[in-house]
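Each ligand, and each atom within it, is numbered from 1 in the order the structure gives.
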Amino acid sequence: MKRHFAPTAKSIAWMPFLIGLLCLWSSLASAEKPAKAAVASAHYLATEAGHEVLANGGNAFDAAIAVSAALAVVEPASSGLGGGAFWLLHRAADDHQVMIDGRETAPAAAHRDMYLNENGEVNRDLAVNGPLAAGIPGHAAGMVHLAQNYGRLPLSESLKPAIRLATEGFPVDEKYHSLMSFRAETIRRWPAATEALLVDGENPPVGHIIKLPDIANTLRLIAEQGFEGFYKGETADKLVKGVQEAGGIWTHADLAGYTIKEREPIRTSYQGYELVTAPPPSSGGVAIAEILNIVEPYKISDLDPVKRIHVLAEAMRRAYRDRSIYLGDPDFFDVPVRLLTSRDYAAGLRASIRLDRATDSNSLAGFEDSPKGTDTTHFSLIDTDGNMVAATLTVNLPYGAAFMAPGTGFLLNNEMDDFSAKAGAPNAYGLLGYSANAIEPHKRMLSSMTPTFVLGEEKVAVLGTPGGSRIITMVLLGLLDFIDGNGPVSWVSLPRIHHQYQPDQISAEPDALTADQIAALEALGHTVNVRERTWGNMHGVMWNRQTGEVEGGSDPRWPSGRAIVK
Ligand code: GLY
């Protein structure tokens, strides 16, 4: 028999509680979208550019174009139209996740031994300075691809803030000045770069206004003509002429033939969280999946700090060893992604870890890989529809190759140095290490850039950072901090430690470890190298899917970074 609800004194007493529950339910139901948008980037002017485009009706992907273009103007040390990028996207309407691969490619005339001198040694100057060090840029093609396939606005709108910044100028900040003090001497070799980025041939002081009208012109051409505005016509003519006159090997066909790749992200899970992260030609997603699979059974959040660092370092050691052997451009080399990211494979690696002793890296068969790249930039953003972008952009070393083709206003990358520099000299341990990431025409060089989403039942994290080979371990530490329940201000501020197989040592930021912790790690057999400088420049955002609340965090290591929620 059906029972009808009739109010009694007891049920009336429960009413406020039931109404409370109803309110909570409706607030959960209405919190399927973020209450506000959040943009976190390495420069406040780029963060503001993202919000400007959102306020003008753009979605997260339009905002990503605006931030990418603005960073290319105001942070020339780290990224730019002469460089490349990975944009990891989440489109809320259909839960589509993809990585837009705008990595640079080797020019057609590139070859395996192009940086070796007559003695078979790498000529470091050629590999990192000047036009021969530069791959064919993907940054501009990536922005065009985003606009054509994911954005709502025309490029004329999403590029507007960057064009304004390049035209009206921006103040030199601490990062510009500090990194320029290392690169000014090399910049001075090339007149166009000297004219654009130095003042009377000297490093400009903090606060000096830099205007880059040639970049503004290039951005206008991209806005008007899309891909052709950069890869053909006026810009391509200036690039090819400038590069060839300075000894480089680019051709019009290299530029016209550049293609963006849409890549299926690496997906893995850890303690109930889903990770969506960068696939090859990044090594980051594979390495992070491998590390998490190795450490998961240790329940590292419950370990004391020394044991936790030991276990993490042992997992990092093994993942970086595999990075050096198996990772390269998947269009040229059959990267065994399924194997490397499988839990069975991780179990095998875990079996060789001892809790009471560090492994000697030399006891693991491998290939010595030197750390690559020290600069680059990252931004994270989310719009009020729940679309998300994590993007890491690069010219490789600070100020890239330090070379600028006359009339363009932007520096070229030195990403060719992310290929295996000793491609022609197979090492003692095996051929695989050399072929996976050897230089070949049109190939993409291996990257460590790791834009990442971490999706929990309640909270979602969007994060990434620059920092060369340390990117992977920084993202790892950041996402573990998120899974431990902390917000983006915590992830980006965390002290950092790193192990990359070779050199066989735990690197630590100046205040990351106490004297007792260093002694305990050394007693386990680790070499601990406390560095003089901090590293990285992480920018992340977090969305609580149940409350709708959004937070952002910008790395305190460099003061120009900014996370703005509005
Ligand atoms: N150039 C830095 C990286 O791609 O890893």
With a 4.0 Å cut-off on heavy atoms, does R103 reach ligand 1?
yes
E104, portion touching ligand 1 at heavy-atom distance under 4.0 Å
neither
Counting heavy atoms under 4.0 Å, the part of M445 that contacts ligand 1 is neither
Please answer whether the main-chain N or O of I506 pairs with a side-chain N or O of H498 as donor and acceptor at a distance below 3.5 Å.
no
For E415, the ligand 1 atoms with a heavy-atom partner under 4.0 Å come out as 1 (N), 2 (C), 4 (O)
Classify the side-chain pair R470/S507 by whether it contains a donor and acceptor separated by less than 3.5 Å.
no
Sidechain-backbone polar pair: T47 side chain, S41 backbone, donor-acceptor under 3.5 Å
yes
Aromatic contact, Y273 with F482 (centres under 6.0 Å)
yes
Indicate, as side chain, backbone, both or neither, the part of N396 found under 4.0 angstrom from ligand 1 when only non-hydrogen atoms are considered.
both
Tell me yes or no: between the side chains of Y345 and D322, is some donor less than 3.5 Å from an acceptor?
yes
Distance under 4.0 Å to a non-hydrogen atom of T394: what atoms of ligand 1 satisfy this?
1 (N)
